[in-house]
Participant: 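My structure is below; once you've seen it, I'll send some questions.
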Amino acid sequence: MSDIIADTEQATAAASGAAATEQFRSKRRTETADADTKRVDTLVSELLAATHDIIRRHKVTYAEYDALKSWLIQVGEDGEWPLFLDVWLEHVVEEVASENREGSKGTIEGPYYIPDAPLLPPEATLPMREDEEGIPLLFQGQVTGVDGSPLSGAKVEIWHADNDGYYSQFAPDLPEWNLRGTVVADDRGNFKVHTIEPAPYQIPTDGSCGTLIAAAGWHAWRPAHLHLKVSAPVHQLITTQLYFKGGSHVADDIASAVKPELILEPGQAADGKGREVTYDFVLDKA
Ligand code: MBD
Ligand code: FE
């Protein structure tokens with residue numbers, strides 16, 4: 001567990017931002033961007049030119065320039081660069097990265113993924129507190145290839161917020177792996193996960209992203225969602241999120257990460273306790 005969070009009594013933007021920044025720094029993607037001079041020149045020159053154009057068209061003043069400067073400094077001090085980038089830019093990066101995929105749709109990862117969550121059997125209950133609040137949810141399905149073949153040994157990593165909208169390791173007083181797990185599917189690619197329905201997530205209002213949202217008159221909400229990474233040998237990993245039909249902000253996610261294919265419609269659970277839903281994952285070949 002991050003010391004930054006463990007030592008903090010209240011959920012603050014600065015504490016969750018610092019934990020997200022620390023988490024990002026320790027993350028290693030399998031591919032790293034090579035510093036191709038021409039590409040850096042093109043991308044940065046075009047970004048700057050687009051900004052120059054905005055300044056000219058809207059006659060941006062020195063007062064506004066100073067407001068921008070102090071806000072950018074504050075984003076860094078709050079550790080909110082991961083949050084800012086994942087909320088307002090990542091969805092387009094994901095769109096470009098997955099444009100040629102045939103299998104299931106994915107969406108953004110967001111700032112709160114932690115690798116190596118505890119391994120769990122094909123039917124499992126996510127680690128949770130004894131008195132964990134929230135409507136029980138049975139989330140089940142099958143992982144197959146694009147040709148329909150079951151993927152034995154598939155892994156379904158799942159992480160989500162609790163009934164108050166908090167993620168373990170990014171808010172105080174939660175067990176380290178609360179509502180996080182790696183479910184290993186059976187030899188037919190089937191899995192069954194018992195958990196609770198997460199609450200909608202509100203961007204911290206006391207940090208710089210919150211300041212921006214208030215200054216622009218936006219709302220700060222993401223719809224309730226399950227995060228998933230689904231993988232299997234010799235197949236492409238999918239990073240995705242699933243939402244709940246009829247839930248608040250499904251139609252106006254601040255992170256623009258909802259797609260129609262990602263909306264679940266759970267029914268009454270067969271055992272009468274809470275709700276259940278089946279969702280299958282189709283993975284492209286690597
Ligand atoms: C979240 O829970 C999230 O998934 C994203 C993308 C951004 C902020 C909080
Ligand atoms: Fe999230």
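Remember, it's 1-based here, ligands and their atoms both numbered in the order they're listed. Quick caveat, the model's predicted, so the values are computed rather than measured.
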Participant: Ring centroid separation for Phe84 and Trp71, is it under 6.0 angstrom?
Facilitator: yes
Participant: May I have all residue pairs that pass side chain to side chain donor-acceptor pair (under 3.5 Å) and include part of residues 181-191, sequence neighbours excluded?
Facilitator: none
Participant: Quick check against the 3.5 Å criterion: does Gln142 have a side-chain atom that pairs as donor or acceptor with the backbone of Phe191?
Facilitator: no
Participant: Report, one line per pair, each donor and acceptor closer than 3.5 Å where one atom sits in a side chain of residues 194-202; sequence neighbours left out.
Facilitator:
unit_1	atom_1	unit_2	atom_2	d
His194	NE2	Glu123	OE2	2.8
Thr195	OG1	His160	NE2	2.7
Glu197	OE1	Arg275	NH2	3.1
Glu197	OE2	Arg275	NE	2.6
Glu197	OE2	Arg275	NH2	3.3
Tyr201	OH	Tyr112	OH	2.7

Participant: When you measure from atom 6 (C) of ligand 1 to every protein heavy atom, which one gives the shortest distance, and what is it?
Facilitator: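 Going by distance alone, atom 6 (C) of ligand 1 is nearest to Ile108 CD1, 3.3 Å.
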Participant: In His225, what N, O or S atom is nearest to the Fe ion (ligand 2), if we give its atom name?
Facilitator: NE2
Participant: Hey, does Glu109 come in under 3.5 Å of ligand 1, counting only N/O atoms on both sides?
Facilitator: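 There is no such contact.
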Participant: For atom 2 (O) of ligand 1, grab the closest protein heavy atom and report residue, atom and distance to one decimal in Å.
Facilitator: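 Of every protein heavy atom, Tyr167 OH, 2.9 Å lies nearest to atom 2 (O) of ligand 1.
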Participant: Nearest 10°: the angle subtended at the Fe ion (ligand 2) by Tyr167 OH and His227 NE2?
Facilitator: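 It rounds to 100°.
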Participant: Indicate, as side chain, backbone, both or neither, the part of Pro111 found under 4.0 angstrom from ligand 1 when only non-hydrogen atoms are considered.
Facilitator: side chain
Participant: Let me check your reading of the structure: within less than 2.8 Å of the Fe ion (ligand 2), is there an N/O/S atom from Tyr201?
Facilitator: no
Participant: With heavy-atom distances below 4.0 Å as the criterion, list the atoms of ligand 1 near Leu83.
Facilitator: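 Reading through ligand 1 atom by atom, the close ones are 8 (C).
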Participant: Report yes or no: do Leu212 and Leu83 belong to one cluster of Ile/Leu/Val/Met/Phe/Trp/Tyr joined by side chain heavy-atom distances under 4.5 Å?
Facilitator: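 Yes.
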Participant: Supply the atom-to-atom distance Gln169 CD to Glu22 CD, rounded to the nearest 0.5 angstrom.
Facilitator: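 Atom-to-atom, Gln169:CD and Glu22:CD are 9.5 Å apart.
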Participant: Among protein heavy atoms, which lies nearest atom 9 (C) of ligand 1, and at what distance?
Facilitator: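 Checking every protein heavy atom, the shortest distance to atom 9 (C) of ligand 1 gives Tyr201 CE2, 3.2 Å.
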Participant: Return the option from Arg222, His91, Gln241 holding the heavy atom at the smallest distance from atom 1 (C) of ligand 1.
Facilitator: Arg222
Participant: Under 6.0 Å from the six-membered ring centre of Phe139 and within 45° of its axis: does the NZ or CZ of Lys192 meet both?
Facilitator: no
Participant: Which atoms of ligand 1 sit under 4.0 Å from any heavy atom of His227?
Facilitator: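 Reading through ligand 1 atom by atom, the close ones are 2 (O), 4 (O).
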Participant: What do you reckon, does Asp86 have a nitrogen or oxygen under 3.5 Å from a nitrogen or oxygen of ligand 1?
Facilitator: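 Looking only at distances, the answer is no, because the N/O contact criterion of under 3.5 Å is not met.
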Participant: For Glu90, which part has a heavy atom under 4.0 Å from ligand 1: side chain, backbone, both, or neither?
Facilitator: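 It is neither part, as no heavy atom is under 4.0 Å.
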Participant: With a 4.0 Å cut-off on N to O distance, would you call Lys229 and Glu109 a salt bridge?
Facilitator: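 The answer is yes: the pair qualifies as a salt bridge.
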Participant: Just by distance, do the side chain of Ser16 and the backbone of Ala171 share a donor-acceptor pair under 3.5 Å?
Facilitator: no
